[in-house]
Amino acid sequence: MTVERAAELLSASQHAVALTGAGVSAESGIPTFRGEGGLWTKYDPVKVSSIESFLADPESYWKVSRERGRVALAAKPNPGHLALAELEAAGRLVAVITQNTDGLHQDSGSKRVIELHGSGRKVQCLDCGRLELRADVQARLGAEMPPRCRNCGGQRLKPTVVLFGEPMPVAAMHEALELARNADVILVVGSSLVVYPAAEVPLVALRAGARMIVVNAEPTPFDRFAQVVINGRSGEVLPQIAALISA
Ligand code: NAD
Ligand code: ZN
């Protein structure tokens with residue numbers, strides 16, 4: 001059975017690392033970008049999520065972001081996030097590297113979380129640099145569109161997420177690649193593995209000799225390199241794996 005094999009690999013590991021994508025938060029009610037019901041079936045990603053379009057028209061950006069923020073700020077960790085936190089607490093996982101910006105890994109109790117695409121929980125003024133909580137900015141959207149900086153009055157407040165056309169956070173990418181180089185197991189969860197350089201993480205781990213486990217709703221281009229592929233929902237599969245390990 002694949003769940004048993006995944007539990008065996010993790011139990012025998014010393015430096016297992018997880019890489020998560022939007023799929024791990026789907027069962028918390030946050031839509032993924034790709035796949036069935038994904039946001040990209042509704043929006044043109046480059047139009048709504050690039051730094052060029054943000055700078056040209058912050059109001060249009062915030063109209064879309066307002067709706068997504070409402071959902072993301074209200075979301076709670078699901079059993080998949082909790083199982084990953086449990087695996088870390090049991091010493092079976094060194095860290096979670098995530099492409100997500102929703103903060104749900106931290107909420108679920110995971111201690112070492114590396115955010116490759118930044119965090120949606122904060123907003124920064126591109127004019128004066130001041131940081132604010134997203135929840136505070138969210139509360140005044142509508143009354144202010146686009147929202148204004150409380151410090152300098154500027155109208156270029158941007159969530160601290162990585163938009164298309166922006167560089168990856170250097171320190172996070174460096175830490176992720178270091179973890180990948182030292183990993184003996186790489187557990188990929190809820191990622192289509194088509195977004196680079198995030199998909200570089202499992203490639204580096206594989207090159208360093210790691211075994212790979214993929215838990216995803218649909219096949220990924222990396223499945224042929226994996227010892228275990230489980231096509232299912234992470235909120236159901238990860239708790240089964242964690243339960244076998246703690247048994
Ligand atoms: P993706 O949207 O490209 O792919 C998500 C994958 O998860 C798909 O292959 C889908 O089949 C799978 N999936 C859907 N539901 C699942 C479930 N319940 N269990 C397991 N798998 C499931 O996501 P991505 O590869 O992470 O790339 C999109 C980028 O957009 C991310 O890098 C991220 O920065 C951003 N994003 C973030 C969030 C978030 O923070 N929650 C949400 C959407 C997009
Ligand atoms: Zn400002």
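For the single chain, residues carry numbers from 1 onward in sequence order. Start at 1 and go down the list; that is how both ligands and their atoms are numbered.
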(message) Using a 3.5 Å cut-off on N or O atoms only, is H117 in polar contact with ligand 1?
(response) yes
(message) Within the 3.5 Å criterion, strictly below it, is a donor on S25 or S28 matched to an acceptor on the partner's side chain?
(response) no
(request) Could you list the residues that satisfy salt bridge (charged side-chain N to carboxylate O under 4.0 Å, His left out) with R112, not counting sequence neighbours? (result) E175
(request) Kindly give the heavy-atom pair with the smallest separation between G118 and V162, and that separation in Å. (result) N-CG2, 4.1 Å
(request) State, yes or no, whether a side-chain contact exists between S191 and Q99 at a heavy-atom distance under 4.5 Å. (result) yes
(request) Out of G23, A75, S28, indicate the one that has the non-hydrogen atom closest to atom 13 (N) of ligand 1. (result) G23
(message) Regarding E8 and Q227, do their side chains bring together a donor and an acceptor under 3.5 Å, going by distance alone?
(response) no
(message) Heavy-atom contact check, 4.0 Å cutoff: does A199 meet ligand 1?
(response) no
(request) Tell me, please: is G80 in heavy-atom contact with ligand 1, that is, under 4.0 Å? (result) no
(message) Does only the side chain of E27 get under 4.0 Å from ligand 1, or the backbone, or both, or neither? Count heavy atoms.
(response) side chain
(request) Tell me whether Y196 is reachable from L206 by hopping between hydrophobic residues (I, L, V, M, F, W, Y) whose side-chain heavy atoms are closer than 4.5 Å. (result) yes
(message) For R121, is the CZ atom crowded, meaning more than 12 foreign heavy atoms sit under 6.0 Å from it?
(response) yes
(message) Once you restrict to heavy atoms under 4.0 Å, what part of V195 touches ligand 1? Side chain, backbone, both or neither.
(response) side chain
(message) Is there a polar contact, in the sense of an N or O pair closer than 3.5 Å, between N216 and ligand 1?
(response) yes
(message) A side-chain contact here means heavy atoms from C-beta on lying under 4.5 Å apart; do R134 and K122 qualify?
(response) no
(request) Any chance you could lay out the salt bridge (Lys or Arg N to Asp or Glu O under 4.0 Å) test for K76 and D102, step after step, and finish with the verdict? (result) CA-CA 10 Å; K76 299 270 178 286; D102 56 38; over 6 Å; no
(request) Assess the side chains of S110 and H81: does a donor N or O sit below 3.5 Å from an acceptor N or O? (result) no
(request) Return the number of protein N, O or S atoms with a distance to the Zn ion (ligand 2) smaller than 2.8 Å. (result) 4
(request) Return the option from S25, S234, P31 holding the heavy atom at the smallest distance from atom 42 (C) of ligand 1. (result) P31
(message) Give me the atom names and distance for the closest heavy-atom approach of A18 to L84.
(response) CB-CD2, 4.3 Å
(request) Report yes if I30 has an N/O atom closer than 3.5 Å to an N/O atom of ligand 1; otherwise report no. (result) no
(request) Would you check whether V215 has a nitrogen or oxygen atom less than 3.5 angstrom from a nitrogen or oxygen atom of ligand 1? (result) no
(request) Using distance alone, decide if ligand 1 has a nitrogen or oxygen within less than 3.5 Å of any nitrogen or oxygen in A22. (result) yes
